[in-house]
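Whatever order the structure lists ligands and atoms in, that order sets their numbers, starting from 1.
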Amino acid sequence: MSPMLADARPDEATAVVETPRLERKRVVIVGGGFAGLAAAHALRHAEAEVVLIDRRNHHIFQPLLYQVATAVLSPAEIAAPIRQLEVRQRNLSVLLAEVTGVSLADRTVDASCPGAGVRKVAFDFLVVATGTRPSYFGHDEFAPYAPGLKNLSDAETIRAKILGAFELAATTEDEGERARQMTFILVGAGPTGVELAGSLAHMVKVTLRGNFRRIDPAKASIILLDGAKRVLPTFAEPVSRKVARRLEKLGVKVMTDVKVETIDDEGVIAGGSRIPGATVLWTAGVAASPIPKMLGTKTDRAGRGIVDPFLKIVDAPGVFVVGDAASVMQNEHPVPGVAQAAIQEGRYVGRLIAKELKGREVKRPFRYFDKGNMAVVGKNYAVLERGSLRTGGFLTWLVWAFVHVLSLPQLQNRLRVQHQWLWSYFTGQRSSRLIPEPPWTPGTEAR
Ligand SMILES: Cc1cc2nc3c(=O)[nH]c(=O)nc-3n(C[C@H](O)[C@H](O)[C@H](O)COP(=O)(O)OP(=O)(O)OC[C@H]3O[C@@H](n4cnc5c(N)ncnc54)[C@H](O)[C@@H]3O)c2cc1C
């Protein structure tokens, strides 16, 4: 057992336990997402004790979360246990805990461990890789009505909401209520909103065909709303136009340049009009986790920690922020919050720390290498933008599928996802159509 995990075991759940400082330097990484795992991997040969802290026991491949939300894949197919790293990396130990505080003066983090109180984990180097959470742009009251998509339980909640809405539509006698149950409103037309809308459109037309005697799922309304002037605003305009046309062909109503004013249990009010809809999904904004703010450093408007060109916090030696939690500028533009950027930043910091541990100075600042952005729209169609290269269609969709399968965390995930995709491609079926709990409470099923 690692020295950090072998220390005193508290009797009381609230006890604060201090971890002893070691002769070997300790690198604490908070967050087992893309950035945290890349940093840990880059430190695999380092003469240091690496402690990886995450509040979840699994890494999530977020780019395929929308497929869990639309029943194509099941949660385990896009997740991998973080603890498995202890087998592969001898200098690493995993701690399942939520970091709730950081003291730069004492060089410790407060790690709240389930059933074991708070541990003060001492560090010599700290890598904050805590990612983001959904942001409702100051309207947190929308949250209960419009779940965001950030983790596996969000994806399962959305899946249950979508499938449950069809069940409720099939049981109600009220025409207006049936129409409301069969209206799905997605707020935010970035990549997540576009991918979710495309997948949902395919599901209502193909997967659910003939599944209900009393309703025709193909008549469902899918509305994609955004306050921006076009879908995929971070892509070039011609790409956005193509994607909007493709979505409309799939039956998605695209409404851009429309501000959402209210979200409640009836639906949304947008651009002054009410749109009744039982399922509203939030695919709009994200904000950084609260940890960068705890470092007492400058943060940007989304709460991301502002770092120097070496991804360090100014005036805090050995403290780094990487991935979606970091605000990194390159050529006067922000480095995007995408998986590739998180991996490259995590790897860079891991290598930098490994060199510093050997007493070597790193002179080359971080450079983000943009491999391009992709978004998939329903079956057989994806777009790719890389520098001046812009392309879309079936071949791009094949490239998208290939790249995503290869990027999955474990061989097991790759095999299972390929299998599900092939099954779904040729049969139109989706094997994860589960509603774990009934979508109604007794007596409320029909309005
Ligand atoms: C639905 C969705 C679709 C996406 N699609 C794409 C795509 O197609 N292509 C692409 O490139 N990017 C995509 N992204 C963005 C990409 O997933 C992120 O850029 C990437 O995950 C960022 O990696 P990260 O390591 O910074 O953070 P994350 O992957 O979010 O990991 C953060 C980790 O920190 C842990 N954590 C947070 N706070 C604490 C705490 N206080 N204590 C302990 N642990 C904590 C979390 O549990 C999590 O494991 C998508 C994101 C989402 C949500």
Residue Glu98 vicinity, atoms of ligand 1 by number, heavy atom under 4.0 Å: 41 (N), 42 (N)
Nearest-neighbour protein heavy atom for atom 3 (C) of ligand 1, which is reported as residue plus atom name and distance: Gln62 O, 3.4 Å
Close side-chain approach of Leu389 to Leu384, heavy-atom, < 4.5 Å: yes
Under 3.5 Å: donor-acceptor pair, side chain of Asn413, backbone of Glu77: yes
Interfacing atoms of ligand 1 (cut-off 4.0 Å, heavy-atom, Thr192): 1 (C), 2 (C), 3 (C)
Thr262-Asp264 side chain donor-acceptor pair, cut-off 3.5 Å: no
Atoms in ligand 1 with a heavy atom of Gly31 nearer than 4.0 Å: 33 (C), 34 (O), 35 (C)
His404 side chain vs Trp400 backbone, donor-acceptor pair below 3.5 Å: yes
Protein contact of atom 23 (O) of ligand 1 - nearest heavy atom, named by residue and atom, plus distance: Ala342 CB, 3.5 Å
Residue-ligand contact Gly337/ligand 1, heavy atom below 4.0 Å: yes
Under-4.0 Å heavy-atom contact with ligand 1, by part of Ile60 that carries it: neither
Under 3.5 Å: N/O of Arg55 near N/O of ligand 1: yes
Nearest neighbour in protein (non-hydrogen) for atom 49 (O) of ligand 1: Asp54 OD2, 2.6 Å
Under 3.5 Å, side-chain donor or acceptor atoms of residues 284-305 against the rest of the protein: list the pairs with distances, not counting sequence neighbours.
from, atom 1, to, atom 2, distance (Å)
Ser289, OG, Thr130, OG1, 2.7
Ser289, OG, Ile291, N, 3.3
Asp300, OD1, Ala302, N, 3.0
Asp300, OD1, Gly303, N, 3.1
Asp300, OD1, Arg304, N, 2.9
Asp300, OD2, Arg304, NE, 2.9
Asp300, OD2, Arg304, NH2, 3.3

Enumerated ligand 1 atoms positioned under 4.0 Å from heavy atoms of Ile291: 41 (N)
Heavy atom of the protein closest to atom 18 (C) of ligand 1 (residue, atom name, distance): Asp324 OD2, 3.2 Å
Shortest protein contact, atom 21 (O) of ligand 1 (heavy atom only): Phe34 CD1, 3.2 Å
Numbered atoms of ligand 1 (with element) below 4.0 Å of Gly323, judged on heavy atoms: 26 (O)
Test item: side-chain donor near acceptor, Ser240 and Lys229, under 3.5 Å: no
Ala97 touching ligand 1 at heavy-atom level, < 4.0 angstrom: yes
Check: residues 349-357 side-chain donor-acceptor pairs under 3.5 Å, at least two apart:
from, atom 1, to, atom 2, distance (Å)
Glu356, OE2, Lys312, NZ, 3.1

Interfacing atoms of ligand 1 (cut-off 4.0 Å, heavy-atom, Arg56): 46 (C), 47 (O), 48 (C), 49 (O)
Non-hydrogen protein atom less than 4.0 angstrom from atom 14 (N) of ligand 1: no
Test of ring centre spacing under 6.0 Å for Phe320 and Tyr348: no
Protein residue, atom and distance nearest to atom 4 (C) of ligand 1, heavy-atom basis: Pro63 CA, 3.8 Å
Atom indices of ligand 1, in the order listed, that fall short of 4.0 Å to a heavy atom of Ala129: 32 (C), 33 (C), 34 (O)
Worked verdict on Gln420 versus Ser431 for side chain to side chain donor-acceptor pair (under 3.5 Å): CA-CA 8 Å; Gln420 292 295 356; Ser431 54; 2.7 Å; yes
Donor-acceptor side-chain pairing of Ser199 and Thr70 below 3.5 angstrom: yes
Rounded distance [0.5 Å steps], CE in Met203 versus CZ in Arg430: 6.0 Å
Atom 42 (N) of ligand 1 [closest protein heavy-atom partner, distance rounded to 0.1 Å]: Val99 N, 2.9 Å
Distance from atom 11 (O) of ligand 1 to nearest protein heavy atom, with residue and atom: Ala339 N, 2.9 Å
Any donor-acceptor pair under 3.5 Å from Ser103 side chain to Thr108 backbone: no
Nearest-option assignment for atom 45 (C) of ligand 1, heavy atoms, candidates Thr130, Val322, Asn373: Thr130
Over-ring placement of Lys25 relative to Phe125, 6.0 Å and 45° cut-offs: no
Ligand 1 N/O within reach of Ala35 N/O, cut-off under 3.5 Å: yes
